[in-house]
Amino acid sequence: MPELPEAETIAADLRDRICGAVIRAVSVPRPDILSGTDARAFEGRLRGRRLARIGRRGKNVLFELDDGGRVLVNLGMTGRLITSDAPNAAEMRHVAARFALEDGRDLLFDDTRRFGRIEVLEPDAWRARDALLGLEPLSAAFTADALRSLTRRSRSPIRNWLLDQRFVAGVGNIYANEALFRAGVRPRRGARTLRRSESDALHGGLREVLARAVEARGTTLRDYLGGGGEAGGFRPRLRVYGRAGEACLACATPIKRVVFGNRSAFYCPRCQR
DNA sequence: AACGCGCCCTGTCCGC
DNA sequence: TGCGGACAGGGCGCGT
């Protein structure tokens, strides 16, 4: 589910609700979502720790502990992080981890498909992990020149390239397709074949669609909820994703769907070349 | 060694 | 109503 705008919304919601809270206890009903640790060690590492900061890197939600450790949550396809005082918290039917806080509330990690992962990273391990993730597309470091020089080195279809977190971090299948529509570029185009004008348009399209989606609190197709249990509002503003057969909003040509790299790609055959 | 594919898992929807 | 197949926001590990 969650791409950058969804992870950003969750992080902001949780910051408002539980930043500064202290973990009293941890239970892990589905320990297969833990990475590099077991439930016992995980609970021992976190009990008594304060959530000093809450943020995001790429599609990951990050909790910085008062002792410098970090809890990194990758939400996979169906992961949710919500607080137990959310109106619909009782509807969570696939709670994989539960963090009981000293104020009496719980932070729930619910994940139907269990593609999500939680791990604890000490400072050195975090630095190593951070270095493996690419540029933040909404940061000042993500310039049109930076995008250009990175795309020039790859023969992959540009849609696949956008999904690779080592180059640009936080873009998933929805926003990759949406950014390519805005740029007028077909998803199958080899990354290195983009003209300068096209990579510039892609740079702008990525920043635009991601910023607008953050403002709308993300896209809910089915499972996604923010940290307070609310669905995102961006879905009605998707221009190609999930619209196969429907009219292009710019030229009325039917939107096409093709599958490659084991995922669907959507595009307008007239507007995108 | 960059790249493409199968697979991990559960739920839902659609056609028969 | 039941059943099989396709499909879903991600990412790892494998073979080439």
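Side chains are part of it too, since the values below use all heavy atoms of this structure and drop only hydrogens, waters and symmetry mates.
Screening A:Val258, A:Val240, A:Ile174 for a side chain to side chain contact (heavy atoms under 4.5 Å, CB included) involving A:Phe266 leaves a single residue, A:Val240.
Taking atom CD of A:Glu3 as the reference point, atom P of C:dA8 lies 13 Å away to the nearest angstrom. Whole-Å rounding puts the A:Asn74 CG to B:dC9 P distance at 17 Å. Computed from coordinates, the A:Ile158 CD1 to B:dG4 P distance equals 12 Å when rounded to whole Å. Here the C1' atom of nucleotide B:dA1 and the CZ atom of A:Arg155 are 13 Å apart, to the nearest Å. At whole-Å resolution of the value, CE in A:Met77 and P in C:dC12 are 14 Å apart. Here the C1' atom of nucleotide C:dG11 and the CG atom of A:Asp111 are 13 Å apart, to the nearest Å. Between the C1' atom of C:dC7 and the CG atom of A:Leu221 lies a distance of 12 Å, rounded to the nearest Å. The nearest whole Å value for the distance from the CG atom in A:Asn262 to the P atom in B:dC3 is 17 Å.
More than 12 heavy atoms of other residues, nucleotides or ligands lie within 6.0 Å of CZ in A:Arg196, so this atom counts as buried by the packing criterion.
Of the residues in residues 183-194 of chain A, none lies under 4.0 Å from DNA chain B by heavy-atom distance.
Among the nucleotides B:dG4, C:dA8, B:dT10, the one closest to any side-chain atom of A:Arg114 is B:dT10. Set against C:dG11, C:dA8, B:dG11, the side chain of A:Thr112 has B:dG11 as its closest nucleotide.
Under 4.0 angstrom from either OP1 or OP2 of B:dC8 there lies no side-chain N or O belonging to A:Arg113. OP1 and OP2 of C:dG9 both lie 4.0 Å or more from every side-chain N or O belonging to A:Tyr175. Listed pair A:Arg257 / C:dC7 meets the phosphate criterion, a side-chain N or O lying under 4.0 Å from OP1 or OP2. Distances shown here put every side-chain N or O of A:Thr220 at or beyond 4.0 Å from the OP1 or OP2 atom of C:dG9. Under 4.0 angstrom from either OP1 or OP2 of B:dG4 there lies at least one side-chain N or O belonging to A:Ser156. The side chain of A:Ser154 contributes an N or O atom lying less than 4.0 Å from OP1 or OP2 of B:dC3. The shortest distance between the side-chain N/O atoms of A:His94 and the OP1/OP2 oxygens of B:dG11 is below 4.0 Å. For the pair A:Lys59 and C:dG9, the criterion of a side-chain N or O lying under 4.0 Å from OP1 or OP2 is not met.
No donor-acceptor pair closer than 3.5 Å links the side chain of A:Gln272 to the backbone N or O of A:Gly184. The backbone N or O of A:Phe234 sits nowhere less than 3.5 Å from a side-chain atom of A:Arg212 that would complete a donor-acceptor pair.
Taking 4.0 Å as the cut-off between side-chain N and carboxylate O, A:Glu198 and A:Arg195 do not count as a salt-bridged pair. The pair A:Asp111-A:Arg117 fails the salt-bridge criterion, with no side-chain N (NZ, NE, NH1 or NH2) lying under 4.0 Å from an Asp/Glu carboxylate O. Ion pairing between a basic and an acidic side chain is recognised when a charged N comes within 4.0 Å of a carboxylate O; A:Arg127 and A:Asp130 show no such pairing. Taking the charged nitrogens against the carboxylate oxygens, A:Glu230 and A:Arg217 do have a contact shorter than 4.0 Å, which makes a salt bridge.
Residue A:Asn173 is classed as a sugar-phosphate contact, given heavy-atom separations below 4.0 Å to backbone atoms only. A:Pro5 comes within contact range of no nucleotide atom at all, as no heavy-atom separation falls under 4.0 Å. Residue A:Arg222 is in base contact, counting any heavy-atom pair closer than 4.0 Å across all strands shown. Counting non-hydrogen atoms under 4.0 angstrom, A:Phe260 reaches nothing in the nucleic acid.
The strand DNA chain B forms stems, runs of 3 or more Watson-Crick or G-U wobble pairs with distances below 3.5 Å, at B:2-8 with C:10-16, B:10-16 with C:2-8.
Nearest heavy-atom pair, A:Leu108 versus A:Ala89, reported as atom, atom and distance to 0.1 Å: CD1-O, 4.1 Å.
Using cut-offs of 30° and 60° on the angle between ring planes, the pair A:Trp161 and A:Phe167 is parallel.
Using P as the reference atom, B:dC9 and C:dC3 are 23 Å apart when rounded to the nearest Å. Going from the P atom of B:dC7 to that of C:dG5 covers 15 Å, rounded to whole Å.
Between A:Phe115 and C:dG11, no base-stacking contact is recorded for ring centres under 5.5 Å apart and planes less than 30° from parallel.
With hydrogens and angles left out, the side chain of A:Arg263 and the base of C:dG10 share a donor-acceptor pair within 3.5 Å.
Each of A:Phe167 and A:Arg30 was matched to the nucleotide of DNA chain B holding its nearest heavy atom; the match closer to the 5' end belongs to A:Phe167.
Seen from the ring of A:Phe260, A:Arg159 counts as a face-on cation partner, given the 6.0 Å and 45° thresholds.
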